[in-house]
K.L.:
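The structure's right below; bear with me while I get my questions together.
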Amino acid sequence: MTTDTTGTVARDGESRPGGPADSPFIRACRRRPGPHTPVWFMRQAGRSLPEYREIRATVPMLESCRRPELVTEITLQPVRRHGVDAAILFSDIVVPVAAAGVDLDIVPGTGPVVAEPIRTAADVERIRPITRDDVWYVDEAVRQLVVELGDTPLIGFAGAPFTLASYLVEGGPSRTHAKTKALMYGDEELWHALCGRLAEVTLAFLRVQIDAGVSAVQLFDSWAGALSEADYRRFVLPHSTAVLSGLVDAGIPRIHFGVGTAELLGAMGEAGADVVGVDWRTPLDVATGRIGPDKAVQGNLDPCVLLAPWPVVEAEVRRILEQGRTAPGHVFNLGHGVLPETDPEVLTRVVALVHEVSSRRADQG
């Protein structure tokens, strides 16, 4: 089974001309015109699909990320269900650090919990480099998915060094990131050693996905919005740049995304991405002015809007598409992940609406 470039299923087993590299998604990432604005959803299985919940009911999160057959099935579910223009690999940002020897678990209702938080240089040294063999299940799943998806691009991803460091220093999720900032300000040498090590792990993890065949990658810096621009530039930007610049020779689009990053968008664009993700707080035309004309943008419907009546959803989708026209390339997405209480049918309708409205505009020139 293969899929065409709009994500609809084709049953003839034949590949479409052009392949993933000529799909609407990749064309938008490259700031090239396409037949319509592409759309996909972060955390797109999103805990909102009943078929996803059925699989996960008896399988812990980390285990599900380590079983290629489950990774493949879960990744394909929203492509079948919604007709999105790209698939996002089912995994978690802590998968590579667990493979690097960090004792952690993903606790339901809490998130990643680290058994021994990072406090010293010796703790950093325990984070070892990773190879393909450490994450063989990701390599195998990507190879399976590339075959299954046909011309629909597969997006690989990883967590950025700052966000990973925050989990490792805090010992789990945090609202204030107080311990993270205390280490960052109080022991700059140790901080950079930690983020440098995490950048190496992240780069290796993305390389595995790229070598297996993903068509694009996204670097998630979910908690970077907790920082000022000055602190971001001093403590974070060098390490995100090391990851993104380390993938230049891969020749595939690189997306960079964070939450609450309105004041950081320009700096994040400097890290080396081809596309900058924008959360729902910043209009896309404003974001484009901050990021610059040489980057595409991705976003940025508020996930909570999907819980509103359809006329509200439709109006917001049309507004975002209009603002996205100011950018040199626009990938429609949410401003963060799909909420678990979202009606899957609404997501399907959003995809159809984005395609319909943007296709009509493309036809009009």
Side-chain angles (χ1 to χ4, degrees), residues 23-42 84-86 153 155 157 160 216-222 224-225 227-230 232-233 236-237 240-241 244-245 248 252-303 305 313-337 350-351 353-355 357-362 364-365:
S23 65
F25 169 72
I26 298 297
R27 293 181 71 88
C29 291
R30 299 290 192 199
R31 308 187 307 281
R32 295 165 55 197
H36 59 256
T37 300
V39 54
W40 67 279
F41 301 117
M42 287 183 284
V84 288
D85 292 285
I155 305 168
F157 77 90
V217 292
Q218 176 157 309
L219 188 66
F220 283 87
D221 211 352
S222 305
L227 301 175
S228 69
E229 182 183 359
Y232 178 86
R233 290 184 176 278
V236 178
L237 182 57
S240 293
T241 301
L244 292 167
S245 64
V248 170
I252 64 173
R254 297 154 296 166
I255 309 168
H256 198 15
F257 172 74
V259 182
T261 54
E263 299 304 317
L264 307 180
L265 288 172
M268 291 180 71
E270 295 171 20
D274 305 289
V275 184
V276 177
V278 183
D279 79 3
W280 67 92
R281 298 172 178 88
T282 308
L284 289 182
D285 50 354
V286 175
T288 296
R290 295 176 181 178
I291 296 164
D294 61 338
K295 312 285 183 187
V297 297
Q298 178 176 278
N300 65 339
L301 182 69
D302 186 336
V305 168
V313 177
E314 180 177 359
E316 285 296 289
V317 169
R318 290 179 180 274
R319 177 185 65 81
I320 289 165
L321 285 172
E322 187 63 31
Q323 291 176 346
R325 296 180 72 186
T326 64
H330 177 211
V331 176
F332 190 97
N333 208 314
L334 304 184
H336 200 197
V350 166
V351 174
L353 179 63
V354 170
H355 287 172
V357 172
S358 59
S359 295
R360 187 162 59 245
R361 287 175 178 167
Q364 292 169 351

K.L.:
Can you name the side chain to side chain donor-acceptor pair (under 3.5 Å) partners of Asn300, sequence neighbours left out?
P.N.:
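Asn300: no side chain to side chain donor-acceptor pair (under 3.5 Å) contacts found.
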
K.L.:
Nearest 0.5 angstrom please: His336 NE2 to Phe220 CZ, how far?
P.N.:
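One finds 7.5 Å between NE2 of His336 and CZ of Phe220.
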
K.L.:
With rounding to the nearest 0.5 Å, note down the distance linking CD in Gln298 to SG in Cys29.
P.N.:
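So the CD of Gln298 and the SG of Cys29 are separated by 7.0 Å.
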
K.L.:
Does the side chain of Phe41 reach to within under 4.5 Å of the side chain of Val350, using non-hydrogen atoms?
P.N.:
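Counting from C-beta outward, Phe41 and Val350 do come under 4.5 Å.
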
K.L.:
Starting at CG of Asp221, measure out to CZ of Phe257 and round the result to the nearest 0.5 Å.
P.N.:
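The distance works out to 10.0 Å.
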
K.L.:
Would you indicate whether the side-chain heavy atoms of Ile255 and Phe157 approach each other to under 4.5 Å?
P.N.:
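Result no, sub-4.5 Å side-chain heavy-atom pair not found.
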
K.L.:
Counting N and O atoms only, with roles assigned by atom type, does the side chain of His330 sit under 3.5 Å from a partner on the main chain of Gly299, one being a donor and the other an acceptor?
P.N.:
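Between the backbone of Gly299 and the side chain of His330 there is a qualifying donor-acceptor contact (under 3.5 Å).
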
K.L.:
How would you list, by chain and number, every residue that makes a side-chain contact (heavy atoms from CB on, under 4.5 Å) with Pro283, sequence neighbours excluded?
P.N.:
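Result, side-chain contact (heavy atoms from CB on, under 4.5 Å) vs Pro283: Asp285, Val286, Gln323.
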
K.L.:
Once side chain to side chain donor-acceptor pair (under 3.5 Å) is applied, do any residues pair with Arg27, and if so which ones, sequence neighbours excluded?
P.N.:
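Arg27 satisfies side chain to side chain donor-acceptor pair (under 3.5 Å) with Asp22 once adjacent residues are dropped.
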
K.L.:
Residues two or more places apart in sequence or in another chain: which of them pass side chain to side chain donor-acceptor pair (under 3.5 Å) with Arg318?
P.N.:
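For Arg318, the residues satisfying side chain to side chain donor-acceptor pair (under 3.5 Å) (neighbours in sequence not counted) are Glu314.
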
K.L.:
Should Phe332 and Val317 be marked as a side-chain contact (heavy atoms from CB on, under 4.5 Å) after you check the CA-CA gap, both sets of side-chain angles, and the distance that decides it?
P.N.:
CA-CA 9 Å; Phe332 190 97; Val317 169; 4.0 Å; yes

K.L.:
Donor-acceptor pairs are to be reported for all side-chain atoms of residues 272-282 against protein atoms at under 3.5 Å, with residues two or more places apart or in another chain.
P.N.:
| from | atom 1 | to | atom 2 | distance (Å) |
| --- | --- | --- | --- | --- |
| Asp274 | OD1 | Arg254 | NH2 | 3.4 |
| Asp274 | OD2 | Arg254 | N | 2.8 |
| Asp274 | OD2 | Arg254 | NE | 3.2 |
| Asp279 | OD1 | Arg281 | N | 3.0 |
| Asp279 | OD2 | Gly260 | N | 2.6 |
| Asp279 | OD2 | Arg281 | NH1 | 2.5 |

K.L.:
Between Glu322 and Arg325, is the closest basic N to carboxylate O distance under 4.0 Å?
P.N.:
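Yes.
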
K.L.:
Not counting sequence neighbours, which residues clear side-chain contact (heavy atoms from CB on, under 4.5 Å) with Arg233? List them please.
P.N.:
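With neighbours one apart ignored, the set is Glu229, Leu237, Ala267, Glu270.
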
K.L.:
First locate atom OH of Tyr232, then atom CE of Met268, and finally report the distance between them rounded to the nearest 0.5 Å.
P.N.:
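Output value for this atom pair is 5.0 Å.
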
K.L.:
To the closest 0.5 Å, what do you measure between CG (Leu264) and CZ (Arg290)?
P.N.:
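Reported value, rounded in 0.5 Å steps: 10.0 Å.
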
K.L.:
Could you report the tightest heavy-atom contact between Val313 and Val305, atom names first, then the distance?
P.N.:
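Heavy atoms of Val313 and Val305 come nearest at CG2-O, 3.3 Å.
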
K.L.:
Please report the interatomic distance CG(Leu334) to CH2(Trp40), rounded to the nearest 0.5 Å.
P.N.:
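Output value for this atom pair is 9.5 Å.
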
